Amino acid sequence: MAFPCSVISIQDILCPVYDLDNNVAFIGMYQTMTKKAAITVQKKDFPSHSFYVVVVVKTEDEACGGPLPYYPLSKNASPDEPVDQHNRQKMLEVMVSPAITSEAYVSSVLFCLSIFLSFYVLTLLIACWESCRQHKRKGLLSAMDSPSLDTASLLGHSRSIPDSFLGRGYDSYGYGSFGNGSSSSTEGVTDSLGSTEVSYSYVGERSLENVAGRPRLDSLSSVEEDDYDTLADIDYDKNVIRTKKYLCVADLARKDKRVLRKKYQIYFWNIATIAVFYALPVIQLVITYQTVVNVTGNQDICYYNFLCAHPLGNLSAFNNILSNLGYILLGLLFLLIILQREINYNRALMRNDTHALECGIPKHFGLFYAMGTALMMEGLLSACYHVCPNYTNFQFDTSFMYMIAGLCMLKLYQKRHPDINASAYSAYACLALVIFFSVVGVVFGKGNTAFWIVFSVIHILATLLLSTQLYYMGRWKLDSGILRRILHVLYTDCVRQCSGPMYVDRMVLLVMGNIINWSLAAYGLIVRPNDFASYLLAIGICNLLLYFAFYIIMKLRSGERIKLIPLLCIISTSVVWGFALFFFFQGLSTWQKTPAESREHNRDCILLDFFDDHDIWHFLSSIAMFGSFLVLLTLDDDLDCIQRDKIYVF
């Protein structure tokens, strides 16, 4: 029976026994209880190796989520007469079972390590196999005697490399053309600019004589690093390129690689700094929480799965902390993979390898380093949350999930827009704003209608602003004349003549994104979910999945293909995510209810008598995140031998 609400207490063999509602919490460990409760008793807490089990029925049920009863006083009752609380009795069964042995702890730790270290072994084997393939390929290329042998067919690529690329090197600027795949002339760019000035009044009118004559900036040129982002002609060149009907990666990969490398390395150093300053107070806070639990004995502070909470030292649920090891180990492995790729790429640049200089998606590794660091920090902060899981600590578990979702979207955008991606400072400022709203939602969002109205309005406005930024590739201004320009565009494109959008694919993505985001905003405003942090995370994940689906569709529509390794990563990662979400939604505890009601969801361990469903979620989700990162890393490997003015921007 759930009610009446009761308290179960474990006390040392002492006199007096504290068995009243007003003193049962004075010593020992205690929990409020409806139908189920569980307490792990350690020998170190009871020197006499014996203890009392004390159960007390409370005088009211509010502590267990029940109603606060009303007991009317009779007219003739004296003030000292006890109130008739009717028949508050509870039938229960007490079961005492032995805890797991120290050997179970050791075997569980070894099992956890073996799972994730096997990924290191597998990565090493794949790296050795790939190295052998490259050595064989180099030997085959060096043994070529006939100059007429087709290099592209030798390497097994379906798209051939132009003779002009193999024979004479790269053209001076190489704008690229969607129609014939050749470098467009200055006149072609001028025509493109002229054709777009009707619809885009903000494009500057500028002669292209200096643009056509300037050497390529994406080669290792002698131009100084400080000559960018401060010169007006660079910004005008972007106006010209961004208003072409069809763009190629060569159009948006014109800055010096040294400048871009430094720009994207800032992502890593910034997130490393953020991680240190964010993690240290979090660690201090959760240690304080755990100390309060141990000193007071109040086990209602933290929402564990008490039926599978194995203590170690001062930690109440060591298994929930250990299972986060996968995030840290796999995040470190991803950093090592990125480091190896960067070393190989730099070696190719040092020997002036043509493929590294002029082919494929431009290689910038700073965002990948930031993603790996964020995965490691997610493991650390998730472990901190599980030291004492409760409503106020949950924001620690989700903060770097926001980071990961944001960094993944930025990386997808950077692949085809290397020159115009957001700077690290503006990106992290936006993520800091998201975390700020998360904290405000946790503190004030519970049932607060005003907060949800303000947040929904901000959500919709941010969606519209971001949509405009993406559609026009940053070439618009938010100033006093924005309404006049909007009305002008609506009049010219919708009233005077019915003209469709210039970028149809981009428009389809943004319309779908706005529909989804407006629906999420309406859901939040109507339902007002108690778990605001998860709601905010769902917004980020939905937008990431939508953008990833758009990227895959556009990649296939552009005539590109997905190689075997990224295809296997996509399939296996999707399967692992499916199983991971199954275990996530088992719901072994919930801080949206009272501690007593939360314990009704507790379940026994299901793996090695040590790990519960949520621990398996940690295992699988860390593997799935690692696989998702590998998908982003290898997705465009099929373009490594394709000239950049043949790779389309979308």
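Heavy-atom basis, side chains included; hydrogens, waters and symmetry copies ignored. Keep in mind that what you see is a predicted model, and the values were worked out from it rather than measured. One-based numbering along the sequence shown.
- Residues Ile458 and Phe437 have side chains in contact (heavy-atom distance under 4.5 Å, counting atoms from C-beta outward).
- Using cut-offs of 30° and 60° on the angle between ring planes, the pair Phe116 and Phe619 is tilted.
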Practice problem: Could you walk me through whether Arg603 and Gln586 pass side chain to side chain contact (heavy atoms under 4.5 Å, CB included), step by step? | Solution: CA-CA 10 Å; Arg603 298 182 190 173; Gln586 294 304 303; 2.8 Å; yes
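- Between Ile337 and Leu630 the shortest side-chain heavy-atom distance falls below 4.5 Å.
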Atom pairs and distances, side-chain donor-acceptor, residues 314-323, under 3.5 Å, sequence neighbours left out:
residue : atom : partner : partner atom : Å
Ser316  : OG   : Gln290  : NE2          : 2.8
Asn319  : OD1  : His310  : N            : 3.2
Asn319  : ND2  : Cys308  : O            : 3.0
Asn319  : ND2  : Phe610  : O            : 3.2
Asn319  : ND2  : Asp615  : OD2          : 3.0
Asn320  : ND2  : Asp615  : OD1          : 2.8
Asn320  : ND2  : Asp615  : OD2          : 3.4
Ser323  : OG   : Asn319  : O            : 3.4
Ser323  : OG   : Asn320  : O            : 3.2
Ser323  : OG   : Asp615  : OD1          : 2.9
Ser323  : OG   : His618  : ND1          : 2.8

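- The shortest side-chain heavy-atom distance between Thr34 and Cys5 does not fall under the 4.5 Å cut-off.
- The aromatic rings of Trp452 and Phe455 lie perpendicular to each other, with more than 60° between the two planes, well past the 30° mark.
- In terms of heavy atoms, Phe46 sits closest to Asp12 at CE2-N, 3.7 Å.
- Each of Ser622, Ser382, Ser621 was compared with Tyr327 under the side chain to side chain donor-acceptor pair (under 3.5 Å) criterion, and only Ser621 meets it.
- Pairing each heavy atom of Thr40 with each of Ala309, the nearest pair is OG1-O, 3.4 Å.
- Contact between Phe583 and Leu620 at its shortest, heavy atoms only, is CD1-CD1, 3.9 Å.
- The nearest pair of heavy atoms linking Tyr303 to Ser589 is O-OG, 3.4 Å.
- Exactly one residue among Phe334, Phe268, Tyr267 makes a ring pair (Phe, Tyr, Trp, His ring centres under 6.0 Å) with Tyr369. That residue is Phe268.
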Exercise. List the steps and the verdict of side chain to side chain contact (heavy atoms under 4.5 Å, CB included) for Leu632 and Phe368.
Key: CA-CA 9 Å; Leu632 292 180; Phe368 281 129; 4.3 Å; yes
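- Taking the six-membered ring for Trp and thresholds of 30 and 60 degrees, Phe584 and His614 have ring planes inclined between 30 and 60 degrees apart.
- Annotation: Phe444 is not in aromatic contact with Phe451 [ring centroid separation under 6.0 Å not met].
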Self-check item: Verdict with supporting geometry, Val293 and Asn298, side chain to side chain contact (heavy atoms under 4.5 Å, CB included)
Solution: CA-CA 6 Å; Val293 171; Asn298 182 4; over 6 Å; no
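- Side-chain N/O atoms of Thr594 and Glu597 include a donor and acceptor closer than 3.5 Å.
- Counted by atom type alone, Lys593 and His601 present one or more donor-acceptor pairs between their side chains at under 3.5 Å.
- Between the side chains of Asn514 and Ser467, at least one donor N or O lies within less than 3.5 Å of an accepting N or O.
- Distance alone, capped at 3.5 Å, places no donor-acceptor pair between the Lys90 side chain and the Val57 backbone.
- Note on ring orientation: taking the six-membered ring where Trp is involved, the planes of Phe111 and Phe611 are tilted (angle from 30° to 60°).
- Between Phe629 and Gly372, the shortest heavy-atom contact is CE2-N, 4.3 Å.
- For Ser399 and Tyr278, the side-chain atoms include at least one donor-acceptor pair closer than 3.5 Å.
- Trp518 CH2: 12 or fewer foreign heavy atoms inside a 6.0 Å radius.
- Between the side chains of Asn517 and His459, at least one donor N or O lies within less than 3.5 Å of an accepting N or O.
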Quiz prompt | Residue pair Phe365, Leu339: steps toward the side chain to side chain contact (heavy atoms under 4.5 Å, CB included) verdict | solution = CA-CA 8 Å; Phe365 300 96; Leu339 178 62; over 6 Å; no
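- Closest approach of Val286 and Cys384 over heavy atoms only: CG1-O, 3.2 Å.
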